[in-house]
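Note that these values count all heavy atoms, side chains included, but never hydrogens, waters or copies made by symmetry.
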Amino acid sequence: MDPVNMPGLLARVSPISRFRWLKEAKEQSPPLDLSTNISRQSIYQTVDGRWSDVWRCTLQQGPKSDEVAVKSFRSRFLEDDDICKKNETLRRELEVAASFDHDSILSLLGIATDFGRFMALVYPWMANGTLTSYLQCKGGQLSLHHRLVLLRDAAAGIRYLHSRSVVHGRLTGSDILVSAAERAQISGVGLSGIMLELFGTSYLSSSMNGTVRWAAPEAITTDEVESSAWIPTEKSDIYSFGSIMLQVCSGEVPYVHLQSDAQVLLALPTGAKPPRPQTACMNDRIWDFIQRCWLTEELGAERPSAEEALHFIEEELSLLGPLF
């Protein structure tokens, strides 16, 4: 595929088709460098994080344009030689991330430069933001059917990842995004390894900030020996999915009764779990399945698989009957 002709080719198809074309093109030689086609919509980043920033940008494709999110990593105080080496490693990691192809996984469209010393990641812009912000904004308007559709999307995405022996590792309400069509897509796939490569074990020690409400108890460790750092598993993803189920059905983050993440950290070693929310969307079947997702080894039972989780959500949808 000749990248010189890309803008003209992309201009002749719809936005969805253009993103599909990008996906097909990058599968041949990932990741595509989209730098010359991207412009910032503001001189300031839209999301300001500790390790990375997100810029709201325009991807220009001939006379057509689409909104995209550009995620840039902070380089801290690394020397130029270190930046070059880490960029090469980053490019190899992104080749894996770019190969993911599923409707419930946020697609990596390509990379961009001029957003810092590391190459930046280009994703479709998700109009409804994170699942957490979406539920805060529209939670009171959502039917049980709509909530279950969001959960089905998330479960399908997790099943796809696990079928490829990929673990997300830090699934939260901020790592699921909601499109303009109000469908959920999992973001951050493959980024845990990338962040560890770029920032080392200091990333591991601080990555629980903002994730602890969804995290499996085994992810919480007080061991300061770096070599014994906990490694995420499919089962820890399932625990987090149970927390996502609680959040979607209640409209509130897990442990909403605890004001700070520090309080949650103190509660987890005691075996504390979020209480059952008093809402019509939380029936006995859903609550019981969430409890299965939250099982620990001490109880001698296995958490369900991603396949089981998807099947359960689909069964709940079927019980609601067709919508007219």
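- Residues A219 and A215 approach most closely at CB-CB, 4.4 Å, considering heavy atoms.
- Counting heavy atoms from C-beta outward, V68 and Y123 have side chains that stay 4.5 Å or more apart.
- Residues passing the salt bridge (Lys or Arg N to Asp or Glu O under 4.0 Å) test with R56 are E67, sequence neighbours excluded.
- Minimum interatomic distance between A120 and F115 (heavy atoms only, all atoms of both residues): CB-CB, 3.9 Å.
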Give the C-alpha distance, both sets of side-chain angles, the deciding distance and a yes or no for side chain to side chain contact (heavy atoms under 4.5 Å, CB included) between L320 and L148. CA-CA 10 Å; L320 294 180; L148 289 172; 3.7 Å; yes
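- Atoms SG and CG, on C249 and L142 in that order, are 11.0 Å from each other to the nearest 0.5 Å.
- I238 and L295 fall into different hydrophobic clusters, where Ile, Leu, Val, Met, Phe, Trp and Tyr side chains are chained together by heavy-atom contacts under 4.5 Å.
- When the side chains of ILVMFWY residues are joined at heavy-atom separations under 4.5 Å, either directly or via intervening members, V167 and V212 end up in two distinct hydrophobic clusters.
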One pair to check against side chain to side chain contact (heavy atoms under 4.5 Å, CB included): T58 and I38. What are the steps and the verdict? CA-CA 6 Å; T58 299; I38 286 178; over 6 Å; no
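- Exactly one residue among I111, L34, D33 makes a side chain to side chain contact (heavy atoms under 4.5 Å, CB included) with V122. That residue is L34.
- By the salt bridge (Lys or Arg N to Asp or Glu O under 4.0 Å) test, R152 pairs with no residue at all, sequence neighbours left out.
- The shortest distance between side-chain heavy atoms of S305 and H162 does not fall below 4.5 Å.
- With R159 as reference, E307 is the one residue of E307, E308, E314 to meet the salt bridge (Lys or Arg N to Asp or Glu O under 4.0 Å) rule.
- The side-chain hydrogen bond (donor to acceptor under 3.5 Å, both in side chains) check on T113 picks up S35, with sequence neighbours excluded.
- Counting non-hydrogen atoms of other residues, nucleotides and ligands closer than 6.0 Å to CG of D114 gives a total of 12 or fewer.
- Taking the side chain as every heavy atom from C-beta outward, S179 and N128 never approach each other to under 4.5 Å.
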The test is side chain to side chain contact (heavy atoms under 4.5 Å, CB included); show your working for W287 and L246 and say whether it passes. CA-CA 8 Å; W287 181 245; L246 174 74; 3.9 Å; yes
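- Put simply, the side chain of T270 never gets that close to the backbone of L266: no donor and acceptor are under 3.5 Å apart.
- Atom SG of residue C57 and atom CG of residue N37 lie 12.0 Å apart, to the nearest 0.5 angstrom.
- For the atom pair F241 CZ and E234 CD, the distance stands at 14.5 Å (nearest 0.5 Å).
- Annotation: side chain of P124 is in contact with side chain of L106 (closest heavy-atom distance under 4.5 Å).
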Would you mind writing out the side-chain donor-acceptor pairs for residues 271-278 within the sub-3.5 Å range, not counting sequence neighbours?
from: R276; atom 1: NH1; to: D284; atom 2: OD1; distance (Å): 2.9
from: R276; atom 1: NH2; to: M282; atom 2: O; distance (Å): 2.9
from: R276; atom 1: NH2; to: D284; atom 2: OD1; distance (Å): 2.9
from: Q278; atom 1: NE2; to: R276; atom 2: O; distance (Å): 3.4

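- Residues in residues 249-258 take part in no side-chain hydrogen bond (donor to acceptor under 3.5 Å, both in side chains) pair, two or more places apart or across chains.
- The side-chain hydrogen bond (donor to acceptor under 3.5 Å, both in side chains) check on T172 picks up D175, with sequence neighbours excluded.
- Between W294 and Y239, the ring planes lie tilted relative to each other; the angle falls in the 30° to 60° range.
- At least one side-chain heavy atom of R213 sits under 4.5 Å from a side-chain heavy atom of D261.
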Salt bridge (Lys or Arg N to Asp or Glu O under 4.0 Å) for D53 and K71? Distances and angles first, verdict last. CA-CA 6 Å; D53 300 307; K71 187 182 187 72; over 6 Å; no
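- Judged as a salt bridge (Lys or Arg N to Asp or Glu O under 4.0 Å), and not counting sequence neighbours, E315 has no contacts.
- Among residues two or more places apart in sequence or in another chain, the salt bridge (Lys or Arg N to Asp or Glu O under 4.0 Å) test is passed with D237 by none.
- Side chain to side chain, Q247 and T132 meet the donor-acceptor criterion of an N or O pair below 3.5 Å.
- Clustering of Ile, Leu, Val, Met, Phe, Trp and Tyr side chains at separations under 4.5 Å places I43 together with Y44.
- Here the closest heavy-atom approach between residue L135 and residue G251 is recorded as CB-O, 4.2 Å.
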How far apart are the C-alpha atoms of K235 and E302, what are their side-chain angles, what is the distance that settles it, and do they pass the salt bridge (Lys or Arg N to Asp or Glu O under 4.0 Å) test? CA-CA 8 Å; K235 294 305 181 183; E302 287 285 324; 3.7 Å; yes
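- W55 and T46 form no side-chain donor-acceptor contact under 3.5 Å, judged by distance and modelled atom types alone.
- To the nearest 0.5 Å, atom CD1 of residue I186 and atom CG of residue L131 are 10.5 Å apart.
- Shown here are the side-chain hydrogen bond (donor to acceptor under 3.5 Å, both in side chains) partners of H311, two or more places apart in sequence or in another chain: there are none.
- Formation of a donor-acceptor pair under 3.5 Å by the Q60 side chain with backbone atoms of G62 is found in this model.
- No side-chain heavy atom of V70 sits under 4.5 Å from any side-chain heavy atom of V54.
- Residues passing the side-chain hydrogen bond (donor to acceptor under 3.5 Å, both in side chains) test with Q185, sequence neighbours excluded: none.
- If you take CD1 on I286 and CD on Q291, they are separated by 12.5 Å, rounding to the nearest 0.5 Å.
- Counting only N and O atoms by type, the side chains of S133 and T130 include a donor and acceptor under 3.5 Å apart.
- One finds the OG atom of S187 at 8.5 Å from the CG atom of L171 (value rounded to the nearest 0.5 Å).
- Nearest approach of A156 to L310, heavy atoms of both residues: N-CD1, 3.9 Å.
- Put simply, the side chain of D66 never gets that close to the backbone of L59: no donor and acceptor are under 3.5 Å apart.
- Summarising the geometry of A184 relative to L150, their closest heavy-atom pair is CB-O, 3.8 Å, with the distance given to 0.1 Å.
- Contact check for F100 versus V166: side-chain heavy atoms found under the 4.5 Å cut-off.
- Between R183 and D103, the closest side-chain pair of non-hydrogen atoms is not below 4.5 Å.
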Does the side chain to side chain contact (heavy atoms under 4.5 Å, CB included) test come out yes or no for W214 and I244, once each step is laid out? CA-CA 7 Å; W214 293 263; I244 293 292; 3.7 Å; yes
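- Screening residues 120-147 for salt bridge (Lys or Arg N to Asp or Glu O under 4.0 Å), with sequence neighbours left out, gives K138-E182.
- A cation-pi contact, defined as under 6.0 Å to the ring centre and within 45° of the axis, is absent between R292 and F312.
- With hydrogens and angles disregarded, no donor-acceptor distance shorter than 3.5 Å links the side chain of H102 to the backbone of I158.
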